Amino acid sequence: MRNAAEHHHHLRCFLITFTFLPLLTTSTDLITPTKPLTQDHTLVSAAQQFELGFFPGASSTWYVGIWYKNIPERVVVWVANRDSPLTNSSGVLKFSPDGSGLILSDHSGTSVWSANHSANSGTTIAVLLDTGNFVVREEDDEDPENYLWQSFDHPTDTLLPGMKLGWDSKTGLNRYLTSWKSADDPSTGDFAFKLDISGYPEIHLTNKGNMYYRSGPWNGLRFSGVPEMRPSSPLLSFQFVRNTEQISYSFTQLNESMHSRLLVKHNGVLQRFIWIPSSGIWNPFWYAPKDQCDDYRECGVYGICDANASPVCKCMKAFRPKNPQAWNLRDGSDGCVRATELDCDSDGFLAMSGVKLPESGNAFVDAEIGLDRCREMCQRNCSCRGYSSANISDGSGCVMWAEDLYDMRQYAAAEGGGQDFYYRVPASELAAPAASEAGGDSNKTRLTIMITGIVVGSAALLVGFAIFLAQKKHQSETVNILERRGSRERSQDYLANSPTIPSKRDQPGEAAVDELELPLYDITALVAATNEFSDESKLGQGGFGIVYKGVLAEGQEVAVKRLSKTSVQGVEEFKNEVKLIARLQHRNLVRLLGCCVEMEEKMLVYEYLENKSLDSILFKKNRSSMLEWQTRFKIVCGIARGLLYLHQDSRFRIIHRDLKASNILLDKDMDPKISDFGMARIFGGDQTEANTKRVVGTYGYMSPEYAMDGLFSTKSDVFSFGVLVLEIVSGTKNRGFYQTHNQLNLLAYAWKLYREGRALEVVDSAVGERYAAGEVMRCIQVGLLCVQEHAEDRPNMSNVVLMLSSDFVSMQQPKYPGYCLGRRPNETDSSLRRNDDESCTVNQVTVTMLDGR
Ligand SMILES: *[C@@H]1O[C@H](CO)[C@@H](O)[C@H](O)[C@H]1NC(C)=O
Ligand SMILES: *[C@@H]1O[C@H](CO)[C@@H](O)[C@H](O)[C@H]1NC(C)=O
Ligand SMILES: *[C@@H]1O[C@H](CO)[C@@H](O)[C@H](O)[C@H]1NC(C)=O
Ligand SMILES: *[C@@H]1O[C@H](CO)[C@@H](O)[C@H](O)[C@H]1NC(C)=O
Ligand SMILES: *[C@@H]1O[C@H](CO)[C@@H](O)[C@H](O)[C@H]1NC(C)=O
């Protein structure tokens, strides 16, 4: 009771202090010619929304800027003198004596920054408004919005509600955002977000002036390439104005109690944050670029990118890949060429729906005519390549493209993005529907045949691999290396020991093998690179071998996996991995650079990733605080995208089978990459699940149906993913599918807390207090959905990606997780046999414990 009373007393004091605070301090919202602003004061907007004052940057530099008044951590939204800092905190912001503008001067009185405006007669004042706009106006102007100067016209890296990006005829300014140089250096960085007002306007994200992402043009409802912009959003509304006075983009926040800002971060990511007052966090709400298909011109001219397909690039119908070889290696940048030339008069149009419109800086817009007239006009003009409606909200207007089409992408119906687009094709393509859809298809079919063959049996696997090596011989560069080093015979020895190499090439799939340009590394180079496989270069123990860090002669850093010579399993896994991963290219999969096969040595050479494996940080007390929430969320989303890529290939489906924290590698930006495909399986055609006698995997990550019955499918990977998500949120390792000491394992624990409405208690204390509660909850729920006991209840990866990326997707309530079904393997049980490989047998299936570290 006493404690409670004391508590009340304190609370009251606290409230009283706060109520009087504004009266005690002499904060003001304006600067006048007689009242300058010095470093020991700030301006505060009338309703206490924003504050303007002096703030320190890195290495004893000082700036004048604006930040939120009521948000504890200072978030600077505007900087006056970003490129001319004060050298210490002494400075003054005042009107120049001649009244021509505001001047910021340093301790010696030298002006470092100024806000000039046209001459005027009356007294000028500078006011900080509650919108965050800092304006200069005449004190007794009848129109208080007749600004002589405003900070909203000179944005730095942040777009606030009501602030306009783009062109204004009155000032002649095209306002745009530019990133900071680094997190604590506000000077002008390399990245800009700028409205391109030519043609059919769209916004470009540029790096040193080079475009790397485009929003797509405004189509009346949203930017054509930003499906997440919903006119029905309860939080935000977006405005785009295009008339003779202005071409501008802005947004409004609909709930006064929230703050929203759009910012170009110093690393070039465009991100929107929303402040959630109840939880006191900035929730990352949206960002771009999001995926491979957001990368500018990912699929080249007349290519179309589909993030849900694999490979992501395909040619528009009636086109074929210009460079089939590069195309098969998943490099679509050369784009596509017409299968048949245009004729002009007899040409017609094909329709596509749900697409991001092509680059439209040179497109021609006629807002007056409708779609039918648009088609006629496009038909008549031989240089017209395609057309669309200019405003999809009412289907009005006409846009025509008279140049080659670039940078389109396809959205899935569920994403609700994109729109209809019509493009010109010769009459022959209209007559033969589907005959030549996506020129790349024939190659892909061949690949499928071969890949399916591999799954059928390990003999096929060996043969395929032998062909692969045999082909290598014919590549001049490889031959050179091998001859120079005198290791050619050794490689051939290896080949001679392989099963028969077919003399006749009657398998169409072999063409795909030809095109697989995977460099063979020479063993002496790798020995030198890894300092003779010294202990110091050792990075860790992967499945079936030790991984070393290497530095090649050219200085390139690599990771070399040396398969253990004694491991019989290793040979299979090696070939499997080489074949598989060489064909995979995704930013969330580790990249295989080449391999080395000499005598009984088998090695894989990968890109080196600076931050090593996730488990080396996540489960280490002293390092786990490196992973703040935003990083963890990024890792979860990245793994999800990588796995989606593996699973959702329409032609062959790859099951990783050993997803776990130690198989997630982190690059220098902490972007995750899935590694270790030694156990992956490829499914062809409609196959969705398979059964194996040899269960490989890691305790704690294996789904019940896989661990118990050897049944694996994409859903067993989804299970492992769910475990991984819960581990990332909690910083705790899941202990296996059986219980020990009557303690709950992680899944059971998370499930228990979730059901009791205490899910957030599972969050790793190393994350600290600052995390996006909404996102955390979403992750926990996704994690629990993924680890549900019954495979059919678990979501697939495309659902997972969708659930992770949006607040608006409704999620089911998770059911009971799958765990602790099995009896605890008893050390004395006769069905359990330990051997050197740390594997044991449960119910006649071999379980390899790879995670025994
Ligand atoms: C800033 O530097 C000047 C000159 O070095 C010095 O006179 C002044 O006191 C300094 N101001 C502060 C606040 O340290
Ligand atoms: C503002 O005016 C001052 C003096 O007239 C000049 O030195 C300065 O370059 C001007 N600044 C801008 C941004 O035009
Ligand atoms: C698109 O059409 C709607 C409905 O007629 C209209 O309100 C909107 O202003 C138009 N948008 C543009 C950019 O013209
Ligand atoms: C605004 O957001 C607050 C906090 O989330 C919420 O309580 C309130 O209902 C919202 N107001 C409106 C009008 O949506
Ligand atoms: C065809 O369209 C282009 C681009 O809109 C235009 O420059 C050209 O004048 C048009 N040609 C004809 C014959 O209308």
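Note: hydrogens, waters and symmetry copies are ignored here, and every other heavy atom, side chains too, is used. In listed order, ligands and their atoms are each counted from 1. Because the structure is a prediction, the values reported are computed rather than measured.
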(request) May I ask you to decide if the ring planes of Y302 and F319 are parallel, tilted or perpendicular, using 30° and 60° as cut-offs? (result) parallel
(request) For S89, take its heavy atoms, then give the atoms of ligand 1 lying under 4.0 Å from any of them. (result) 13 (C)
(request) Would you mind listing every salt bridge (charged side-chain N to carboxylate O under 4.0 Å, His left out) that reaches into residues 189-216, with sequence neighbours excluded? (result) D190-K208, E202-R214, R214-D407
(request) Could you tell me whether the SG atom of C305 lies less than 2.5 angstrom from the SG atom of C313? (result) no
Show the short N or O contacts, below 3.5 Å, that ligand 3 makes with protein N or O atoms; if there are none, say 'none'.
{"unit_1": "ligand 3", "atom_1": "2 (O)", "unit_2": "N391", "atom_2": "OD1", "d": "3.4"}
{"unit_1": "ligand 3", "atom_1": "2 (O)", "unit_2": "N391", "atom_2": "ND2", "d": "2.3"}
{"unit_1": "ligand 3", "atom_1": "2 (O)", "unit_2": "S393", "atom_2": "OG", "d": "3.1"}
{"unit_1": "ligand 3", "atom_1": "2 (O)", "unit_2": "D394", "atom_2": "OD2", "d": "3.4"}
{"unit_1": "ligand 3", "atom_1": "5 (O)", "unit_2": "D394", "atom_2": "OD2", "d": "2.7"}
{"unit_1": "ligand 3", "atom_1": "11 (N)", "unit_2": "N391", "atom_2": "ND2", "d": "2.8"}
{"unit_1": "ligand 3", "atom_1": "14 (O)", "unit_2": "N391", "atom_2": "ND2", "d": "3.4"}

(request) Would you indicate whether the side-chain heavy atoms of Q150 and F134 approach each other to under 4.5 Å? (result) no
Could you pull out every donor-acceptor pair under 3.5 Å between side chains of residues 55-72 and any protein atom, sequence neighbours left out?
{"unit_1": "T61", "atom_1": "OG1", "unit_2": "A58", "atom_2": "O", "d": "2.7"}
{"unit_1": "W67", "atom_1": "NE1", "unit_2": "E51", "atom_2": "OE1", "d": "3.1"}
{"unit_1": "N70", "atom_1": "ND2", "unit_2": "Q48", "atom_2": "O", "d": "2.8"}

(message) So for ligand 1, is Q39 a polar contact partner (N or O within less than 3.5 Å, distance only)?
(response) no
(request) Provide the full list of salt bridge (charged side-chain N to carboxylate O under 4.0 Å, His left out) pairs with a residue in residues 158-180, sequence neighbours left out, each pair given once. (result) D153-R175
(message) Between E73 and R770 (salt bridge meaning N to carboxylate O under 4.0 Å), is one present in this structure?
(response) yes
